[in-house]
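Below you'll find the structure, written out as C-alpha cells, and then a few comments.
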Amino acid sequence: MSDIPQRRETQGLWLGLLGVVIFALTLPMTRLATGTADAPQLSPWFVTWGRAALAGVLSAIYLLAVRAPWPSAEQRGPLYLSLAGNVIGYPLLLGWALRHVTASHAAVITALLPLATAAAAAWLMHQRARLGFWVFAALGSSLVAVYSVLRAAQMGHGFGLTWADSLLLGAVVAASLGYVAGAKVTASLGAEKVISWVCVMALPITLPGAWLTWPTQPIATSAWLALLYVGVFSMWAGFFAWFRGLSLGGPLRVSQLQLLQPFISILAAIPLLGESLDAMTLGFALLVVLTVFMGRRMANTPSPDKHNQWSKK
C-alpha cells in the first residue's frame, strides 16, 4: 500500500501537465479572439462572458448527466472565489492586456503564476513556506518589473510599468486565488464537478453578459474558433485535468509544472499569431522561470497527513 501515494502524485503531475499545455494556448488564442488595438475582433468583455457561458452550458449538461447534488454551504464559498478569479478576473484582465501586448510578452509576466499560486496556497490553506521562497518570489517579481520597464522603453513608451502589464499582474493574482480556491474543494466535490459548478453558478452573469456584448461588426472566422477553444478547453476541459492534478499531487508540487507554460505560449504564438522569437523575451522568461524553480525548491513540503487530505476523494 506504500506505493499508492506515489502513484497518486505521479498521476497528479501528468494531469497537471495536460492542464498546463491547454492553458498555455490560452494566451495566443485569446489574442486571436480579441485582436489588437489597431485591428480589433471580439470585445474582451464578450470573450470573457462568451467563453464562460459556453463552458456553463456544457457544465450544466454534464452535471445533469451525472446527477450531481448542489454544493453545500461550506463548498459554495470557495466556488464563488474560484468564479471571481477564474471566470471573470483572469480572462477579462488578460483579454484587455492582450489587445496591447503580444502573447509572448504576456507569457513573461504570467510566468509568475506558480509563485502566486503557491503564495495563495500558503494564505488560503495555511501551508507554510520558508523565507527563501519569499526571497525568490520577490526576485521573480523584480525581474518581471525590469522586463516591463525595458520593453516599454523599447516601444517608445518611456520607463515605467505599462497599463497592460498592470492588467496582466492583476490577472495572475486573480487566477492564483481561483486555482487554490477550486483545489480546496476538489477532494470533496471532484475536479470535474468543481469547474462545472463554478461555470454553472456564473451563468446568471455570463449569459446576459454575452448577449449584451454580442458583436455587431463582422468578425473573422479565426476569432470565433479561438473563442471556441478558450470556452471549451481553457475555461472548462483544462480545469478537469488541472484541479484533479492539484488535488492528487498537491498545489505546491503540481504548480511547478507551470514553469513550462510561458515557453509553450511563446512557441505556440509563432504559428498561431506570426510572432517571432525575441531574445530579450526568451531571456527574461528563462530568468523568471529559474527564480520560480528555486522558489519552489525552497517551499516546505506538506506533511504526509496534510497531503493525504488532498489525496482522499
Side-chain angles (χ1 to χ4, degrees), residues 18-52 54-55 90-113 144 147-148 150-157 162-172 175 213 215 217-238 258-289:
L18 176 60
V20 164
V21 172
I22 292 174
F23 294 146
L25 294 179
T26 301
L27 294 180
M29 286 296 187
T30 299
R31 183 170 171 86
L32 195 61
T34 61
T36 65
D38 296 329
Q41 291 293 324
L42 296 169
S43 162
W45 283 104
F46 176 72
V47 171
T48 298
W49 306 133
R51 79 178 213 160
L54 177 58
Y90 177 76
L92 183 60
L93 295 172
L94 182 68
W96 281 112
L98 283 171
R99 275 203 166 178
H100 302 281
V101 297
T102 65
S104 298
H105 177 106
V108 176
I109 309 300
T110 57
L112 286 174
L113 190 52
V144 165
Y147 172 77
S148 177
L150 291 177
R151 177 62 75 188
Q154 189 181 63
M155 299 298 292
H157 299 152
T162 66
W163 177 242
D165 289 336
S166 299
L167 294 175
L168 289 170
L169 290 174
V172 166
T213 58
Q217 76 278 11
I219 300 296
T221 302
S222 58
W224 286 112
L225 291 176
L227 176 65
L228 183 65
Y229 178 89
V230 296
V232 175
F233 294 99
S234 301
M235 188 69 255
W236 192 56
Q258 289 175 315
L259 296 170
L260 300 173
Q261 190 163 320
F263 301 108
I264 298 173
S265 296
I266 291 171
L267 293 176
I270 297 174
L272 290 173
L273 301 172
E275 296 183 9
S276 57
L277 287 175
D278 180 279
M280 187 174 79
T281 297
L282 284 175
F284 269 92
L286 179 59
L287 289 174
V288 172
V289 165

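Throughout, residue positions are numbered sequentially from 1 according to the sequence presented. These values consider heavy atoms only, across backbone and side chains, with no hydrogens, waters or symmetry-generated copies.
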Practice item. Search all heavy atoms of Ile264 against all heavy atoms of Ala24 and return the closest pair with its distance. Key: CG2-CB, 3.4 Å

Check your understanding: Does Ser104 offer a backbone N or O that forms a donor-acceptor pair with the side chain of Glu275 under 3.5 Å?
Key -> yes

Check your understanding: Passes side chain to side chain donor-acceptor pair (under 3.5 Å), Asp165 versus His105? Steps please.
Key -> CA-CA 9 Å; Asp165 289 336; His105 177 106; 2.6 Å; yes

Point to revise | Heavy-atom closest pair, residues Arg99 and Pro40 | key: NH2-CB, 3.4 Å

Review point. Taking all atoms of both residues into account, what is the closest heavy-atom pair of Gly231 and Ala55, and its distance?
Key: O-CB, 3.5 Å

**Study point:** Student check: side-chain heavy atoms of Val172 and Leu168 closer than 4.5 Å
**Key:** no

Check your understanding: Going from CG on Leu25 to CG on Leu272, what distance comes out if it is rounded to the nearest 0.5 angstrom?
Key -> 7.0 Å

Exercise for review: Could you tell me how the ring of Trp45 sits relative to the ring of Trp96: parallel (under 30°), tilted (30 to 60°) or perpendicular (over 60°)?
Suggested key: perpendicular

**Study point:** Intermediate values then yes/no, side-chain contact (heavy atoms from CB on, under 4.5 Å), Gln261 and Thr110
**Key:** CA-CA 9 Å; Gln261 190 163 320; Thr110 57; 5.6 Å; no

Practice item. Decide side-chain contact (heavy atoms from CB on, under 4.5 Å) for Val47 and Thr34; before the verdict, give the C-alpha distance in whole Å, the side-chain angles of both, and the deciding distance to 0.1 Å. Key: CA-CA 7 Å; Val47 171; Thr34 61; 3.9 Å; yes

Practice item. Over all heavy atoms of both residues, which pair between Arg51 and Ser234 is shortest? Give the atoms and the distance, please. Key: NH1-CB, 3.9 Å

Revision key, fill the gap. Rounded to the nearest 0.5 Å, the CE atom of Met235 sits from the OH atom of Tyr229 at a distance of 13.0 Å

Practice item. Could you pull out the closest heavy-atom pair between Gly170 and Leu93, with the gap in Å? Key: C-CD1, 3.4 Å

Point to revise | Nearest atoms (heavy-atom pairs only) where Leu27 meets Ala103 | key: CD1-O, 3.9 Å

Review point. Would you say the side-chain atoms of Gln41 pair up with the backbone N or O of Ala220, donor to acceptor, closer than 3.5 Å?
Key: yes

Point to revise | Separation between CG of Leu282 and CG of Leu287, rounded to the nearest 0.5 Å | key: 11.0 Å

**Study point:** Test side-chain contact (heavy atoms from CB on, under 4.5 Å) applied to Val288 and Leu112, step by step
**Key:** CA-CA 7 Å; Val288 172; Leu112 286 174; 4.3 Å; yes

Check your understanding: In terms of ring plane angle, is the pair Trp224 and Phe46 parallel, tilted or perpendicular, where the classes change at 30° and 60°?
Key -> perpendicular

Exercise for review: Applying side-chain contact (heavy atoms from CB on, under 4.5 Å), run through Thr36 and Arg31 and close with a yes or a no.
Suggested key: CA-CA 7 Å; Thr36 65; Arg31 183 170 171 86; 3.2 Å; yes

Review point. Can you tell me how far the CG atom of Leu54 sits from the CG atom of Leu228, to the nearest 0.5 Å?
Key: 6.0 Å

Exercise for review: Enter the distance from Ile109:CD1 to Leu94:CG here, rounded to the nearest 0.5 Å.
Suggested key: 12.0 Å

Exercise for review: Nearest 0.5 Å please: distance from the CD1 atom of Ile270 over to the OG atom of Ser265.
Suggested key: 11.5 Å

Exercise for review: Compare all side-chain heavy atoms of Tyr147 with those of Thr281 and state whether any distance is below 4.5 angstrom.
Suggested key: yes

